[in-house]
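These figures come from a predicted structure and were not determined experimentally. Chain A is the first sequence line, chain B the second, and so forth, proteins listed ahead of strands; every chain is numbered from 1.
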Amino acid sequence: MSELKRTPLFPSHEALNARCVDFGGWEMPVQYDGVVAEHQAVRKSAGVFDISHMGEIMVGGAHAVAFLELTLTNRASTLAVGDAQYSLMCNEQGGVIDDLYVYRIAQEVFLLIVNASQIDDDFSELKRLVVEFEKDRTVNVVNESDDLAAIAVQGPNVNLFIDDVFSLKGLINVDKPTDLTKNQIDVFIFEGMNVYVANTGYTGEAGFELVAPRDVITQLWDRVLDLGKDNGIQPAGLGARDTLRMEMGYPLYGHELNNTVTPLEAGLGYFVDLERPFQGQSKLSSQKNNGLKRKNLGFVMTSKSPPPREGYSVYIGGKQVGTVSSGTQSPSLGKGIGMAFIDMPHALIGKEVEIQIRGRYYPAVLSKKPLYKKYD
Amino acid sequence: MTNIPEELSYTKSHEWVSVNDETAVIGITDHAQSELTDIVYVELPEVGRTLLRGEQCAVVESVKTASDIYAPIEGEVVAVNKDLEAAPEKVNEDPYKTGWFFKIKLSGEPDLSGLLNSSSYSSEIEGV
């Protein structure tokens with residue numbers, strides 16, 4: 001087994017007595033005080049996550065927009081400078097190589113934030129596509145994952161202190177982080193370095209993702225914890241990140257997504273624009289025209305049950321109709337929730353199903369994502 | 001600090017056993033509950049089931065994972081802690097008292113060989 005990689009914040013996690021696990025080859029904190037406490041901190045006050053394992057790939061050049069239009073499912077051309085969108089990169093069969101966030105940080109420069117486990121696959125695929133794409137056109141793809149680190153600061157109280165992290169105005173559009181609208185990014189100076197601050201996250205709460213040179217990430221982490229301490233901030237691990245994203249019905253690569261699942265099957269059609277060519281587009285178009293064979297939906301357990309887990313089978317009337325892709329006990333709802341791939345024609349919101357857990361069958365209902373809504 | 005009562009016997013798989021005459025009460029240790037954290041479900045054996053030593057007989061589920069529980073001693077299940085159905089968090093709060101799992105009637109003389117005393121269990125989990 002190869003040595004696990006560590007982020008520059010690893011000593012901070014050790015000092016906080018975090019329990020660490022192997023996550024896609026990285027030794028990452030799964031929890032500090034406990035998954036539920038950290039989950040509730042993010043829902044009710046604030047939490048800070050180390051997301052330095054995630055990858056940062058820069059795509060720049062005079063034809064960067066045209067390149068991304070041909071490479072990703074969502075339309076990078078619609079982004080103004082300082083805006084961002086969720087997108088996916090598919091293989092020629094329409095399977096997902098990765099899901100990612102695309103930030104337009106300058107007219108001709110895009111920052112792609114990608115999954116830790118997919119950095120190498122993404123980068124080699126992008127380089128391969130660059131060779132195909134360039135003829136008389138210019139695009140550069142640079143993997144900055146080793147130089148950049150990142151934290152996510154998430155929760156309803158984050159707006160109370162995030163502006164105090166920085167003393168100067170943003171370099172792109174806004175004066176301060178709380179001026180950023182959803183999916184907007186700017187650059188702020190911290191300790192003399194450029195830090196990208198984006199109004200994005202994977203928890204369903206208000207909050208920001210901060211991408212910084214690895215040399216200043218520990219100072220940034222400490223500063224956020226210090227400024228947030230009167231607002232209930234807690235360091236939060238991957239365990240809480242997982243329960244938070246499941247409540248929102250957000251996919252996680254390796255669970256809802258992989259290179260044999262298409263974005264349409266994953267229920268991410270909103271982020272796929274089939275009206276122009278991109279890698280995988282013809283397969284996705286024909287899948288759309290011919291109808292899906294399965295689709296990923298959320299579900300909620302409707303009686304007392306063990307927590308649903310990945311790999312459990314989904315039944316209707318004694319017949320298997322699907323498989324759970326992610327599941328947990330929702331800390332916010334106090335019941336089992338999850339996502340599952342359900343065969344057509346059964347993949348309908350409101351359909352009653354059963355989840356098989358250790359040979360017994362427990363009732364659940366297929367449900368619209370997000371599975372948890374704060375303001376119902 | 002992990003609580004390891006002196007009067008109990010332990011297994012390497014983090015169950016505790018309290019033997020009184022012909023019955024034994026079984027649960028999971030303070031160390032185990034603290035490692036699992038946030039216990040949300042406990043599946044207990046059927047009353048009347050006969051357990052062999054080392055047999056998988058219960059499941060404890062935290063938010064993150066499901067963990068198997070093994071019978072530390074042989075005998076018939078005569079009672080289970082029904083309170084855990086509605087309040088599995090009792091295992092976190094009080095693993096040696098209100099968080100007990102099940103009670104078994106021993107098949108014969110209690111065979112405590114292979115079980116650990118508190119100091120051996122303490123060295124077992126040290127540095128874990």
Side-chain angles (χ1 to χ4, degrees), chain A residues 17-23 28-43 234 236-247 252 255 301 303-312 324 326-338 355-360 362, chain B residues 1-3 13-14 27-49 51 55-71 77 80-95 99 101-102 125-128:
Chain A
N17 285 319
R19 191 168 309 157
C20 291
V21 294
D22 175 0
F23 181 82
M28 294 298 291
V30 66
Q31 62 174 51
Y32 303 85
D33 285 346
V35 174
V36 173
E38 294 160 26
H39 179 110
Q40 301 297 13
V42 173
R43 285 272 179 259
Q234 282 197 30
L238 294 179
R241 195 169 166 77
D242 203 34
T243 52
L244 289 158
R245 69 100 193 164
M246 276 189 241
E247 287 185 345
L252 180 62
H255 302 264
M301 305 305 294
S303 76
K304 183 96 188 145
S305 80
R309 310 272 183 201
E310 181 176 3
Y312 289 177
V324 175
S326 291
T328 191
Q329 179 83 359
S330 159
S332 303
L333 299 171
K335 42 185 151 176
I337 60 164
I355 312 287
Q356 187 191 43
I357 305 177
R358 295 187 286 275
R360 288 185 208 168
Y362 297 90
Chain B
M1 214 16 230
T2 296
N3 178 15
S13 48
H14 312 291
I28 65 167
T29 65
D30 186 38
H31 173 74
Q33 71 75 20
S34 131
E35 286 288 307
L36 289 167
T37 67
D38 305 324
I39 290 168
V40 294
Y41 196 87
V42 181
E43 195 164 287
L44 294 168
E46 301 268 322
V47 172
R49 177 172 158 191
L51 301 174
E55 191 178 350
Q56 189 268 320
C57 60
V59 181
V60 56
E61 302 226 31
S62 67
V63 171
K64 281 301 284 178
T65 57
S67 309
D68 288 336
I69 302 301
Y70 302 92
V77 179
V80 297
N81 185 357
K82 289 212 165 67
D83 293 348
L84 298 185
E85 209 171 289
E89 64 275 9
K90 282 179 193 282
V91 181
N92 288 124
E93 292 160 6
D94 194 359
F101 276 32
F102 57 91
I125 61 175
E126 238 168 57
V128 171

Fill in: Between A/Asp242, A/Thr243, A/Asp33, A/Thr328, the one whose heavy-atom pairs under 4.5 Å with chain B are most numerous
A/Thr328
Fill in: B/Val60, B/Asp83, B/Ile39 screened by side-chain contact (heavy atoms from CB on, under 4.5 Å) with B/Pro88, the one that passes
B/Ile39
Fill in: Best-contacting candidate, A/Pro331, A/Gly239, A/Gly327, A/Ser305, against chain B by heavy atom pairs under 4.5 angstrom
A/Ser305
Worksheet entry | Non-hydrogen side-chain atoms of B/His14 and B/Tyr70 separated by less than 4.5 Å | no
Item to complete: With a 4.5 Å cut-off on heavy-atom pairs, point out which of B/Asp38, B/Val40, B/Val42 contacts chain A the most.
Response: B/Asp38
Worksheet item: Hey, does B/Leu36 have a side-chain heavy atom less than 4.5 Å from the side chain of B/Val91?
Response: no
Worksheet entry | Pairing of A/Lys304 and B/Glu85 as salt bridge, 4.0 angstrom limit | no
Worksheet item: Contact part of B/Glu61 toward chain A, heavy-atom cut-off under 4.5 Å: side chain, backbone, both or neither?
Response: both
Worksheet item: Using non-hydrogen atoms only, which part of A/Ser330 is less than 4.5 Å away from chain B: side chain, backbone, both, or neither?
Response: neither
Discussion item. Please determine whether a side-chain nitrogen of the Lys or Arg among A/Arg19 and A/Glu38 lies less than 4.0 Å from a carboxylate oxygen of the Asp or Glu.
Written reply: no
Discussion item. As an exercise: rank A/Gly34, A/Pro306, A/Pro307 by heavy-atom pairs under 4.5 Å with chain B and give me the winner.
Written reply: A/Pro306
